[in-house]
Amino acid sequence: MELLFPWLAAPSERACVRLGERALTQRQLAAAIGGVVATLRARGAEPGARIGVWTKPALETLVCFAALAAAGYVIVPMDPKLGEAERAHVEVTAKPAVILGPEDVSLEGAGAWTPVPIRGETALLLFTSGTTGAPKAAAITDRNIAANLDMLADAWAWTGDDTVVHALPLFHVHGLVLGLFGALRRGGALRWVPRFSPADLAAAVAEEASRGSAIVFAVPTMYHRLCEAADQAAGLAAARLLVSGSAPLRADEHRTIERLFGQAPVERYGLTETLINCSTRGDGDRRAGSVGRPLRGVELRLVDDARVPLSTAEARDLGGEICVRGPHVFAGYLDRPDATSAVMDAEGWFYTGDVATISDDGFVTIIGRRSTDIIKCGGFKVGAGEIEACLCEHPAVAEAAVIGAPDPDLGERILAFVVTRSPVEPGVLVDHVAARLSPHKRPREVKILEALPRNAMGKIVKTALRGA
Ligand code: MLC
Ligand code: AMP
């Protein structure tokens, strides 16, 4: 019988979650978990039920997630900034029995409860965008989480002596699974900075490093801003590891981080559906532009458009789509066997849509993506189709096409092209998307065109929009 957070068998007085001045020890967290379980039972929700959690900036939010994972509920994280249409989609798809906010959590604790052993059951439903349609709920099991976190512990020599410091949202893999569950599985702590600013993140790193060892998890946009404001971010240099992921880190920025903060970043590559696949090792070669080698326990290969595996020479010289297999790969999309079988074959290989090369010594370099309709903006994955559909719901819009344009800060900027039926200000359309969908899905720029470029078949040619 293995627990996701093994220390729950004998909680200690070590701090395990901290937000600003507030912190809880393992013993206090274990007691507070009892309170959450009692609240849920009083509302008729037994372990196994799906529970929504508003990811609001409070210590109680961390308690809520820890409680649900430890007691065997199915977690449905919910961004408080979800637009109306998105919230309705989450509720209809995931059907949470109860939705909790920090106000529902008391830190006092109540009653006895039993941690649930790892069973290979769905522990987490994470909504993730595709090229078309509304986001799908990826079902991630407790075993996926435990296996992947243990692979990362091996790669980074990550132990209970490390405090993770991050300023990430808790409704995605990076902030929740790696940040919170990772810290708790190792028996260390998470210091959460709920709102990112270079100065606040760096100050938290300096403070945690002065207590012991700090490791930083951030997306490339955050590292870009930390470098731009290096005079306010000197505290970052006190970290044991600076880990970057969720989007490509440019090679020049990798070197700038090393120059400004005295250490090269450790890069790792993952997806919501697979958790983390590759990383450079804490004690290994941190090569600018590469996401390192597959983690121990991950099978990784490159395939061509017909899903035929490439030879070593082809993988090095031509590149192909990354596919992966292992105990970290998710259970499928909730109620969407069609969508699941499109990305996962009968042998358990998951097709990522990312295109890479692999060097002779096994380092993976991501060189692109199969679909132009997936955009990574600030580390958030956004599907062009969802934004296009939303723009077309505005009465002034006849047609819309959305692309990701290169951006030095966001990696990719969401750029929309529209053909209008009646006069409309571009800013009105930006606000329309920001209100109906999450604000991070809003186009950063809307351009009005007479017509969209189309090929002989009548299909919109997105590559022709790049220079428009
Ligand atoms: C701006 N805002 C608007 C608006 N314009 N609101 C309504 N209408 C409009 N028209 C508001 C926003 O809501 C926000 O509010 C503020 O203005 C700034 O918005 P933003 O510009 O979008 O935020 P920004 O500062 O650019 O955020 C950068 C960032 C963020 C790096 C902090 O992108 C981020 O947190 N990224 C992390 C993504 C992540 O965790 N990805 C992991 C995926 S898992 P307010 O109130 O907030 O200021 C994964 C797997 C793996 O990929 O490998 O890890
Ligand atoms: P998400 O669905 O939000 O988890 O996004 C997963 C996608 O993020 C992957 O398919 C990649 O395109 C991208 N990604 C994640 N980590 C990296 C990285 N280190 N380098 C390049 N791309 C990355």
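Each ligand, and each atom within it, is numbered from 1 in the order the structure gives.
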query = With a cut-off of under 6.0 Å to the ring centre and 45° to the axis, is Arg185 in cation-pi contact with Trp158?
reply = no
task = Output the list of atoms in ligand 1 that are nearer than 4.0 Å to some heavy atom of Leu168, sorted by atom number.
result = 40 (O)
request  = Give the residue and atom name of whichever protein heavy atom lies nearest to atom 31 (C) of ligand 1, and the separation in Å to one decimal.
outcome  = Thr221 CG2, 3.8 Å
key: Residue Pro248 vicinity, atoms of ligand 2 by number, heavy atom under 4.0 Å   = 20 (N), 21 (C), 22 (N)
request  = Determine whether Ile358 and Leu300 make a side-chain contact, defined as any pair of heavy atoms from C-beta on separated by less than 4.5 Å.
outcome  = yes
remark   = shortest atom 34 (C) of ligand 1-to-protein heavy-atom contact is with Phe380 CE1, 3.4 Å
query = Which residue owns the protein heavy atom closest to atom 10 (N) of ligand 1, what's the atom, and how far is it?
reply = Asp431 OD1, 2.9 Å
query = Hey, does the side chain of Asp373 reach the backbone of Ala384 with a donor-acceptor pair shorter than 3.5 angstrom?
reply = no
query = Short list, please: which atoms of ligand 1 are under 4.0 Å from a heavy atom of His174?
reply = 42 (C), 44 (S), 54 (O)
task = First locate atom OG of Ser359, then atom CZ of Arg293, and finally report the distance between them rounded to the nearest 0.5 Å.
result = 7.0 Å
remark   = Among non-hydrogen protein atoms, atom 6 (C) of ligand 2 lies closest to Gly270 O, 3.5 Å
ask   = Thr128 heavy atoms, cut-off 4.0 Å: which ligand 2 atoms fall inside?
value = 2 (O)
message = Whether the side chain of Arg436 engages the backbone of Cys390 through a donor-acceptor N/O pair (distance < 3.5 Å, no angle test) should be reported.
response = no
note = Ranked by distance from atom 41 (N) of ligand 1, the top protein heavy atom is Gly379 O, 2.9 Å
query = What atoms of ligand 2 come closer than 4.0 angstrom to any heavy atom of Arg369?
reply = 12 (O)
Check: Thr420 side chain, Pro423 main-chain N or O, donor-acceptor pair, under 3.5 Å = no
inquiry  = Whether the side chain of Asp104 engages the backbone of Gly101 through a donor-acceptor N/O pair (distance < 3.5 Å, no angle test) should be reported.
reply    = yes
key: Non-hydrogen protein atom less than 4.0 angstrom from atom 23 (O) of ligand 1   = no
inquiry  = Starting from atom 13 (C) of ligand 2, what is the nearest protein heavy atom, named by residue and atom, and what distance separates them?
reply    = Ser246 O, 3.8 Å
query = Distance only, no hydrogens: is a donor on one side chain within 3.5 Å (strictly under) of an acceptor on the other, for Asp345 and Tyr351?
reply = yes
Any non-hydrogen protein atom less than 4.0 Å away from atom 43 (C) of ligand 1 = yes
request  = Just need the protein heavy atom nearest to atom 12 (O) of ligand 2, so name the residue and atom and give the distance.
outcome  = Asp354 OD1, 2.6 Å
query = Using heavy atoms and a threshold below 4.0 Å, how should the contact between Lys81 and ligand 1 be classified: side chain, backbone, both, or neither?
reply = side chain
ask   = Side-chain donor-acceptor pair under 3.5 Å between Asp162 and Ser213, yes or no?
value = yes
inquiry  = Heavy-atom contact check, 4.0 Å cutoff: does Val291 meet ligand 2?
reply    = yes
key: Nearest protein heavy atom with distance in Å, relative to atom 53 (O) of ligand 1   = Arg268 NH1, 2.9 Å
inquiry  = Using heavy-atom distances only, which candidate in Gly270, Ala435, Gly378, Ala434 approaches atom 38 (C) of ligand 1 most closely?
reply    = Gly378
Non-hydrogen side-chain atoms of Leu295 and Asp154 separated by less than 4.5 Å = no
query = So which heavy atom in the protein is nearest atom 2 (O) of ligand 2, and how far is it from that ligand atom?
reply = Lys381 CD, 3.0 Å
request  = Check whether any side-chain N or O of Glu321 sits under 3.5 Å from a backbone N or O of Val303 as a donor-acceptor pair, and report yes or no.
outcome  = no
request  = Would you mind finding which of Gly245, Cys278, Ser246, Pro439 brings a heavy atom closest to atom 6 (N) of ligand 1?
outcome  = Pro439
key: From His440, Arg225, Met222 - option closest to atom 27 (O) of ligand 1 by heavy atom   = Arg225
remark   = Note: ligand 1 atoms sitting under 4.0 Å from heavy atoms of Pro169 are 35 (O), 37 (C), 40 (O)
query = Any non-hydrogen protein atom below 4.0 Å of atom 4 (C) of ligand 1?
reply = yes
Donor-acceptor under 3.5 Å (Asn144 side chain, Val329 main chain) = yes
inquiry  = Using a 4.0 Å cut-off to any heavy atom of Arg268, which atoms of ligand 2 qualify?
reply    = 16 (N), 18 (C), 19 (N)
inquiry  = Please report the interatomic distance CD(Glu386) to CD1(Ile375), rounded to the nearest 0.5 Å.
reply    = 10.5 Å
query = Nearest non-hydrogen atom to atom 20 (N) of ligand 2 belongs to which of Ser371, Ser244, Ala247?
reply = Ala247
message = Nearest 0.5 Å, please: how far is CD in Glu445 from CG in Asp407?
response = 10.0 Å
ask   = Relative to the heavy atoms of Leu271, which atoms of ligand 2 are at a distance of less than 4.0 Å?
value = 4 (O), 6 (C), 9 (C), 10 (O)
query = At a non-hydrogen distance cut-off of under 4.0 Å, which region of Arg444 contacts ligand 1 (side chain, backbone, both, or neither)?
reply = side chain
query = Hey, looking at atom 52 (O) of ligand 1, which of Arg195, His172, Lys376 has the closest heavy atom?
reply = Lys376
query = Does ligand 2 have any atom that is closer than 4.0 Å to a heavy atom of Lys376?
reply = yes
ask   = Is there a donor-acceptor contact under 3.5 Å from the side chain of Lys56 to the main chain of Thr61?
value = no
key: Flag, side chain of Thr256 to backbone of Asp252, donor-acceptor distance under 3.5 Å   = yes
ask   = When you measure from the side chain of Thr93 to the backbone N and O of Val90, does any donor-acceptor pair fall under 3.5 Å?
value = no
query = Once you round to the nearest 0.5 Å, how far does CG of Leu62 lie from CG of Leu170?
reply = 6.0 Å
ask   = Would atom 18 (C) of ligand 1 count as contacted, meaning some protein heavy atom under 4.0 Å?
value = no
key: Numbered atoms and elements of ligand 2 in range of Thr272, under 4.0 angstrom, heavy atoms   = 1 (P), 2 (O), 3 (O), 4 (O)
